[in-house]
Amino acid sequence: LWPWLLASSGLSALVQLVTLPFFPDSPSYLLIQKGNEEACRKAIRKLWGEGDHQAEIDDIMKEKVAMTSTKTLRVLEVIKERSLRWQLYILMTVMTTLQLCGINAIYFYSFEVFHTAKFEEYLIPYVSLGVGLCECLSSILCSTLIDRFGRKVLLWGGYVLMCSVLALLTMTLSLQHQFFWMHYFSVILIFLFVIFYGIGP
């Protein structure tokens, strides 16, 4: 089953490979990058139907003017630019915490935790699949929550909840040989951690 499951990801790539040539180019790409207004109008008509789309073209032209007046900075220039210093710090902090948040350790040790929880050997791959499915569903849920609560709330909330779950998971793994039900609590915490990871960072 696993080879078929891994191969199934190629199905979406195949669908994209077959269907993408029939999709029109982006109107903004055609007008801004290519400078082809006629192709831009044709793409707009293909996307939005017949009608007067001059307002949309005017918006794209404004975007083009704004882009030409904006200076493109190299990496070293971005680092040296004082006005971008705080944005750079925030970006580096978010990316560093994302790498060190513990999700890789959770995925690496989850099999061992499930095995210790006395799951049948043939069920463990499906439980691991459930963990991945939880992350996928929580990421979809995040896209609906981000408009309501904002990125900052989801980031802070996600990291706080993940830290709490990791602290509890450390405790349950330490006590799993003293209380038989701790194994199941550890499994629940793994699922919770993955959900909070998907919703937050």
Side-chain angles (χ1 to χ4, degrees), residues 1-16 75 78-79 81-201:
L1 183 63
W2 281 106
W4 288 104
L5 198 61
L6 284 171
S8 66
S9 60
L11 184 64
S12 62
L14 183 65
V15 169
Q16 288 182 36
V75 176
V78 170
I79 294 169
E81 184 65 45
R82 292 183 69 85
S83 62
L84 300 175
R85 197 69 50 85
W86 275 109
Q87 292 93 319
L88 192 62
Y89 289 155
I90 290 167
L91 182 65
M92 287 171 65
T93 304
V94 169
M95 296 312 294
T96 304
T97 52
L98 191 62
Q99 291 299 315
L100 302 175
C101 69
I103 189 69
N104 293 326
I106 289 290
Y107 276 125
F108 186 79
Y109 289 109
S110 61
F111 188 88
E112 189 179 326
V113 172
F114 298 150
H115 188 75
T116 312
K118 303 293 190 292
F119 277 99
E120 295 290 339
E121 200 71 36
Y122 73 94
L123 282 176
I124 292 176
Y126 296 102
V127 179
S128 299
L129 186 64
V131 172
L133 190 63
C134 270
E135 184 179 352
C136 182
L137 292 174
S138 59
S139 298
I140 294 167
L141 178 63
C142 176
S143 63
T144 59
L145 293 175
I146 200 163
D147 292 329
R148 188 171 178 182
F149 297 106
R151 286 189 179 93
K152 191 185 288 186
V153 172
L154 289 182
L155 272 174
W156 276 107
Y159 280 124
V160 166
L161 290 169
M162 285 163 62
C163 284
S164 305
V165 168
L166 282 178
L168 286 171
L169 188 59
T170 304
M171 189 175 68
T172 56
L173 290 174
S174 301
L175 298 173
Q176 65 183 354
H177 299 296
Q178 298 179 31
F179 305 99
F180 74 94
W181 48 269
M182 279 291 181
H183 305 301
Y184 306 106
F185 197 45
S186 299
V187 172
I188 293 167
L189 287 173
I190 285 174
F191 275 90
L192 284 176
F193 183 87
V194 170
I195 290 168
F196 295 146
Y197 173 80
I199 291 173

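As the structure is a computational prediction, the values presented were derived from the model and not from experiment. The first residue in the sequence is number 1, and the count goes up from there. The basis for the numbers below is simple: all heavy atoms, side chains too, and nothing from hydrogens, waters or symmetry mates.
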Practice item. Decide yes or no on side-chain contact (heavy atoms from CB on, under 4.5 Å) for V165 and M162, but give the supporting numbers first. Key: CA-CA 5 Å; V165 168; M162 285 163 62; 5.7 Å; no
**Study point:** From CA spacing to verdict: side-chain hydrogen bond (donor to acceptor under 3.5 Å, both in side chains), Y126, E120
**Key:** CA-CA 10 Å; Y126 296 102; E120 295 290 339; over 6 Å; no
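Taking the six-membered ring for Trp, Y184 and W181 have ring centres at least 6.0 Å apart.
For the atom pair Y159 OH and S164 OG, the distance stands at 14.5 Å (nearest 0.5 Å). In this structure, SG in C142 is found 9.0 Å from CZ in R151, a value given to the nearest 0.5 Å. Once rounded to the nearest 0.5 Å, the distance linking CZ of F149 with CG of L154 reads 7.5 Å. Considering CD1 of I146 and CG of L141, their distance stands at 11.5 Å, rounded to 0.5 Å. The distance from the CG atom of L123 to the CG atom of L129 is 12.0 Å, given to the nearest 0.5 Å. Separation of atoms CG (L145) and OG (S138) is listed at 10.0 Å; rounding is to 0.5 Å.
Side-chain contact between E121 and F114 is absent, with no heavy-atom pair separated by less than 4.5 Å. A 4.5 Å side-chain heavy-atom check between V113 and H183 finds every atom pair outside the cut-off. Taking the side chain as every heavy atom from C-beta outward, E81 and V78 never approach each other to under 4.5 Å.
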Show me the side-chain donor-acceptor pairs of residues 185-201 shorter than 3.5 Å, one per line, residues at least two apart or across chains.
residue : atom : partner : partner atom : Å
S186    : OG   : T172    : OG1          : 3.0
S186    : OG   : M182    : O            : 3.0

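Of all heavy-atom pairs between M92 and T96, the closest is O-OG1, 2.6 Å.
Counted within 6.0 Å of CZ on R85, heavy atoms from surrounding residues, nucleotides or ligands total more than 12; the atom is thus considered enclosed. Counting heavy-atom neighbours within 6.0 Å of E112 CD, excluding the residue itself, gives a total of 12 or less.
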